Amino acid sequence: MFDPYREQLNRRFQNALLSLFGEPVPRLVWSHPPKVQLGDLASPVAFDLAKRVRKAPAEIARELLRAAEPLPGIARADVAGGGYINLFLDRPGFLSAMFREVRSGKKPDQTAARGKRIIEHTNINPNKAAHVGHLRNAVLGDTLGRAFRYLGENVEIQNYIDDTGVQVADVVLGMSHLRGIDRAGIDSLPGRLDYYLWDLYREITERYEKEPALLERRRQVLRDLEAGQGDNARLGREIAVRVVRRHVETMQRINVTYDLLPWEGDILAEKFWDKTFRNLRESGTAYQPEKGKLAGCWVMRIQSSEDQEAGEEAEKVLVRSDGTVTYIGKDIAYQLWKFGLLNADFSYRPFFRYPDGREIWSTERSPGPRKAPSFGQGQIIYNVIDSRQARLQRIVAEGLRALGHPGEAERSIHFSYEMVKLSRACAEEMGFLPAGSDPGIKSVEISGRKGQGIKADDLIDIMSDKATREVGKRNPDFSPEEIRKTAETIAVGALRYFMIKFNRNRVITFDFQDALSFEGDTGPYIQYSVVRASNILRKIKERSGWTPKDLDSEIDTIDWTFLTGSEEGDLFWDILFQGSQWRERVLQATDTLELSQLARFCFQLSKKFNGYYHRYPVIQEKDKNRKWARMLLVYLYRQQMVQALDTMGIEVPDRM
RNA sequence: GCGCCCAUAGCUCAGCUGGAUAGAGCGUCGGACUACGAAUCCGAAGGUCAGAGGUUCGAAUCCUCUUGGGCGUACCA
């Protein structure tokens, strides 16, 4: 929206710097003053120059300003705060340009897509139900994808399915050994499979303690899974497919979608690993230690400087002594494929169809029924994985580098975030903390093995139930179906907002009370504010017959003098000017991978808008000029917010 | 031991590449609904930005150390 302004301003100021001090500055930064009354854009450049020029910053600022004027799009300029150059935009000009842009409906300033961005997220082991920790991952990954798509980037979302790992082996063993259930028996199990396995996974994990011999049987299961043949493999595949379907449905509830499910088993079956392994051996990256505890394994030396300090050679296992491949090994092969470096591709088949017609595809071992879109061949790859796996991510990147792909290693980005823990109150409520446990324990780790965690669907249900009560209370005229639909929208808004409002490297201590709040800094607060904006527009149409379309012609007749020198004018301008910076904010958020900035932007804007409509009524306003102007504000606010919320995967109900 | 992360109001958190009097939400106290719906708004109280040094015109923000916490350092992922 104001990129053009910025460029012109920079040129004028750099020229002024050149003529005054003989050289431009490397980077001219424009920030925003703490208050609108101080201006719209601010530059601290005079402070930087003060030492070199040996003059007071304020004096430099004034000289610079004189030399740079007249400034395009700027109504007034000021020096304040001891040397800041503060610029006031031409408000009427800016507003009508902004309005026309919004009305045109086109997304301006699309970044030129430089190639596909592949985002890998969710990645839940298909041996149990999804839990709150997985929700954080999925919401972050999905929001990142939405943000890039908003910017015009080419995005592909992949959800990697580890169907040949130890965790699936655990439940396969649990099924056969503890329950005596084979593939045919799955249908007769009570309830949903992912919930059933939640308990079974915990049970089998506990059983290893008493029956260590079971670990040997698990190794056999793991070998079978990798070989992809026999009863265990068939049972494993059956479990994985069914559980993944549940995960996809769970995530669909919170507007998280995927393009492709790459199966680890297919990486093995398609010989991607064999190919990668050959390269790793030939390049000397993978080797077999003769002795020591890793004798018989194939390992990779870790060259990170931190590890060398330890004195001992750091090595990471790629192939276990029993011949099975670790996650690291398979992941290196997967990363190579994602970058299109394997000269090989999967077969594909459709896996799931969303109501809007979009499809999730799945990798497959034999040619599928239909021609699939082109997958992989990414330019930049984002791996959304929590910070506990930082070391593994580094090692995978090292693998790429060792195979001669340093550029790809650089563009394989670990989107790292801290984990979700359960608050003490939450853990107690769920029965994860025995009575009399150490009062110093403030939070409890989520653990699938121990069956400790809040299942994603349970949480969504609880939030939905609460929203249902609130919606019903406020809207007695709603049909049960309307109540249900609205409540689900609100629950999703609350949940998604909650999951991205925190800094990514802050541990979220999950607590029901916080997550279930619909007031203050929450998704529903923002949804409510947009609903109110819609209501104002609806009512003004009923009572005055005015519609946003009328603004197309009315906007040119609006007298904007009230915008300057009045409290209303400042607030009015503040809201719209800030709202126009959404795209800037999205760029910043994707640059820093700090998506909490998106949430904060929306909350701040909503807060200002709420304050505005309380103080300045639209429909009752007698002065026609002001009434049109206020309606313009309400309209633009709503348009901006709907777009912003959509980027966060949050919908706005008609009423709530 | 080594590596990564965190420490800001009673609680939960913001504070963008160092910049103008440190901000929200919740909670507490006080106020505003025969309505553009109070899931809202207005006001008040509440902070040696863990501690100590350093860099700088300027530090919550950068550097060093200390303390306290989380996580990693598997032939789990």
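Owing to the predicted nature of the structure, the values given are computational and were not obtained by experimental measurement. We name chains A, B, ... by the order of the sequence lines, and we start the count at 1 in each one.
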Nearest of rA77(B), rC36(B), rU12(B) to any side-chain atom of Leu392(A)?
-> rA77(B)

With P as the reference atom in both, quote the distance from rG46(B) to rG23(B) in angstrom, rounded to an integer.
-> 15 Å

Looking for any heavy atom pair under 4.0 Å, which part of the strands does Arg474(A) touch: base, sugar-phosphate only, or nothing?
-> base

To the nearest 0.5 Å, how far apart are CD in Gln220(A) and CG in Leu225(A)?
-> 10.0 Å

Of the candidates rA39(B), rU17(B), rA20(B), the side chain of Glu470(A) sits closest to rA39(B)

Nearest whole angstrom, please: distance from the P of rC76(B) to the CG of Asn127(A).
-> 15 Å

What about Asn86(A), does its side chain sit under 3.5 Å from the base of rA20(B) through a donor-acceptor pair?
-> yes

Consider the side chain of Lys539(A), meaning its heavy atoms from C-beta on, and name the nucleotide among rA77(B), rC36(B), rG70(B) that approaches it most closely.
-> rC36(B)

Roughly how many Å is it from CZ in Arg532(A) to P in rG37(B), rounded to a whole number?
-> 5 Å

Pairwise P distance for rC49(B) and rG30(B), with rounding to whole Å = 31 Å

Less than 4.0 Å between a side-chain N and a carboxylate O, is that true for Lys330(A) and Glu226(A)?
-> yes

Glu470(A) with Lys466(A): basic N within carboxylate O range, under 4.0 Å | no

Where the side chain of Phe603(A) is concerned, which of rA38(B), rG70(B), rG25(B) is the nearest nucleotide?
-> rG25(B)

base_contact_polar (rA77(B) base, Arg388(A) side chain, donor-acceptor, <3.5 Å) | no

Within this structure, what is the CZ-to-P distance between Phe609(A) and rC42(B), rounded to whole angstrom?
-> 13 Å

Hey, does the side chain of Gln620(A) come within less than 4.0 Å of rC36(B)'s phosphate (OP1/OP2), counting only N and O?
-> yes

Electrostatic pair Arg62(A)-Asp78(A), nearest N-O below 4.0 angstrom | no

Look at the side chain of Tyr525(A) and decide which nucleotide, out of rU40(B), rG25(B), rC71(B), has an atom nearest to it.
-> rU40(B)

Ring geometry between Tyr637(A) and Phe609(A) (parallel below 30°, tilted from 30 to 60°, perpendicular above 60°) | parallel

Earlier contact from the 5' end, RNA chain B, for Pro524(A) and Lys501(A) = Lys501(A)

Under 4.0 angstrom between Arg506(A) side-chain N/O and rA14(B) OP1 or OP2 | yes

N or O in side chain of Arg320(A) less than 4.0 angstrom from rA77(B) OP1/OP2 | yes

How many Å lie between CG on Asp386(A) and C1' on rC76(B), as a whole number?
-> 13 Å

Side chain of Asp521(A) (C-beta onward), nearest among rG37(B), rC71(B), rG25(B) | rG25(B)

Assign Val317(A) to base, sugar-phosphate, or nothing according to its heavy-atom contacts below 4.0 angstrom with the strands shown.
-> sugar-phosphate

What nucleic acid atoms does Met656(A) come within less than 4.0 Å of, heavy atoms only: base, sugar-phosphate, or nothing?
-> base

rA38(B) to rC71(B) separation - P atoms, rounded to the nearest Å = 45 Å

Counting just side-chain N and O atoms, does Tyr528(A) come under 4.0 Å of either OP1 or OP2 of rA39(B)?
-> yes

Base, sugar-phosphate, or nothing: which does Val531(A) touch, judged by heavy atoms less than 4.0 Å apart?
-> base

Could you state the CG-C1' distance from Asp331(A) to rA77(B), rounded to the nearest angstrom?
-> 10 Å

Tyr612(A) OH - rC42(B) C1' separation (whole Å) = 17 Å

Kindly say if Asn503(A) contacts the phosphate of rG15(B), meaning a side-chain N or O under 4.0 Å from OP1 or OP2.
-> yes

Side-chain contact check for Glu418(A): nearest option of rC71(B), rA39(B), rC5(B) is rC5(B)

Could you grab the distance from atom CD of Gln620(A) to atom CZ of Arg630(A), nearest 0.5 Å is fine?
-> 10.5 Å

Between Asn610(A) and rC41(B), does any side-chain N or O lie under 4.0 Å from OP1 or OP2?
-> yes

Starting at atom CG of Asp170(A), determine the distance to atom C1' of rA77(B), rounded to an integer number of angstrom.
-> 11 Å

Electrostatic pair Lys485(A)-Glu482(A), nearest N-O below 4.0 angstrom | no

Select one nucleotide: of rA77(B), rU12(B), rC36(B), the one nearest the side-chain heavy atoms of Phe502(A).
-> rU12(B)

Per Lys607(A) side chain, nearest of listed nucleotides rA77(B), rC41(B), rA20(B) = rC41(B)

Please state how far atom CG in Asp511(A) lies from atom P in rC13(B), giving the value in whole angstrom units.
-> 10 Å

Toward the 5' end of RNA chain B, which comes first, Leu294(A) or Glu519(A), by nearest nucleotide?
-> Glu519(A)

Could Arg218(A) and Tyr208(A) be counted as a cation-pi pair, given that NZ or CZ must be under 6.0 Å from the ring centre and within 45° of the axis?
-> yes

Choose from rG25(B), rC71(B), rU40(B) the nucleotide whose nearest atom is closest to any side-chain atom of Lys421(A).
-> rC71(B)

Distance between C1' atoms of rG58(B) and rG18(B) (Å, rounded) | 8 Å

Any donor-acceptor N/O pair under 3.5 Å between rC5(B) base and Ser387(A) side chain = no

Quick one: is rG15(B) close enough that its OP1 or OP2 comes under 4.0 Å of any side-chain N or O from Arg600(A)?
-> yes

